Amino acid sequence: MHKIDLTIENAQSIIVFNRNLEIIIKDIIAEVLSLENFEYAVEVSMTFVDNDRIRKINCEHRKKDTVTDVLSFPMLEFDESHSMIDEYNNCDYNYDEDELMLGDIVLSLEKAKEQAETYGHSFEREVGFLTAHSMLHLLGYDHIIESETKIMREKEEKILEKLELTR
């Protein structure tokens with residue numbers, strides 16, 4: 001079992017955040033790490049926001065003035081084979097806690113609820129999907145080209161199926 005130091009900040013008041021959602025998120029993170037054979041203890045920070053706040057963050061960091069569902073801010077660098085380039089970079093390794101700081105995830109619970117309704121599945125599944133998606137970004141995956149998108153979608157679905165978060 002992976003040691004996961006998950007810090008969650010609920011910076012929104014539109015959608016109720018409960019312990020069940022926290023358990024799902026931790027399970028998703030653990031499953032992503034397991035699927036990727038990532039052997040290190042990790043630290044991940046997750047902030048829940050509303051649509052207005054994620055739009056502002058998206059505009060500030062990506063120059064896109066639109067609402068999005070989730071943003072990932074990786075702390076580590078990976079090569080094309082998804083191996084860490086510098087696994088003990090002082091900026092990324094917490095020596096006091098003996099863990100790697102993977103990065104930050106900002107997720108709009110408001111947008112996740114909207115998308116769950118649009119796609120006809122549970123809110124929990126949508127948050128699980130967005131968490132898996134973001135974790136893969138923190139581990140060096142992207143979806144700029146179609147072949148990368150296919151790899152990410154297959155991994156996301158495998159994780160969700162394993163945790164029985166199906167459509």
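The structure displayed is predicted, hence computed values, not measured ones.
- Using modelled atom types, one side-chain atom of Glu148 and one backbone atom of Ile144 make a donor-acceptor pair closer than 3.5 Å.
- Residues Glu36 and Lys155 are paired through a salt bridge, judged by an N-O separation under 4.0 Å between the basic side chain and the carboxylate.
- A salt bridge between Lys150 and Glu156 is absent, with no side-chain N of the basic residue lying under 4.0 Å from a carboxylate O of the acidic one.
- Under the 4.5 Å side-chain heavy-atom criterion for ILVMFWY residues, no single connected hydrophobic cluster contains both Leu71 and Tyr141.
- When the side chains of ILVMFWY residues are joined at heavy-atom separations under 4.5 Å, either directly or via intervening members, Met46 and Val49 end up in two distinct hydrophobic clusters.
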Q) Are Asn37 and Glu39 close enough, and set up right, to give a side-chain hydrogen bond (donor to acceptor under 3.5 Å, both in side chains), and what steps lead you there? A) CA-CA 6 Å; Asn37 297 312; Glu39 68 235 32; over 6 Å; no
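- Under the 3.5 Å distance criterion, with hydrogens and angles disregarded, a donor-acceptor pair is assigned to the side chains of Asn10 and Gln12.
- In this view, His137 and His133, His143 satisfy the ring-ring contact (aromatic ring centres under 6.0 Å, His included) rule, not counting sequence neighbours.
- Here CZ of Arg125 is found 11.0 Å from CD of Gln115. Values are rounded to the nearest 0.5 Å.
- Under the ring-ring contact (aromatic ring centres under 6.0 Å, His included) criterion, Phe73 pairs with His61, not counting sequence neighbours.
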Q. Does the pair Asn51 and Glu114 meet the rule for a side-chain hydrogen bond (donor to acceptor under 3.5 Å, both in side chains), with working shown?
A. CA-CA 10 Å; Asn51 284 348; Glu114 291 169 8; 3.0 Å; yes
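- Side-chain contact of Asn58 with Thr68: a donor-acceptor pair under 3.5 Å is absent, judged by distance alone.
- Counting only residues at least two apart or in different chains, salt bridge (charged side-chain N to carboxylate O under 4.0 Å, His left out) contacts with residues 58-71 comprise Arg55-Asp65.
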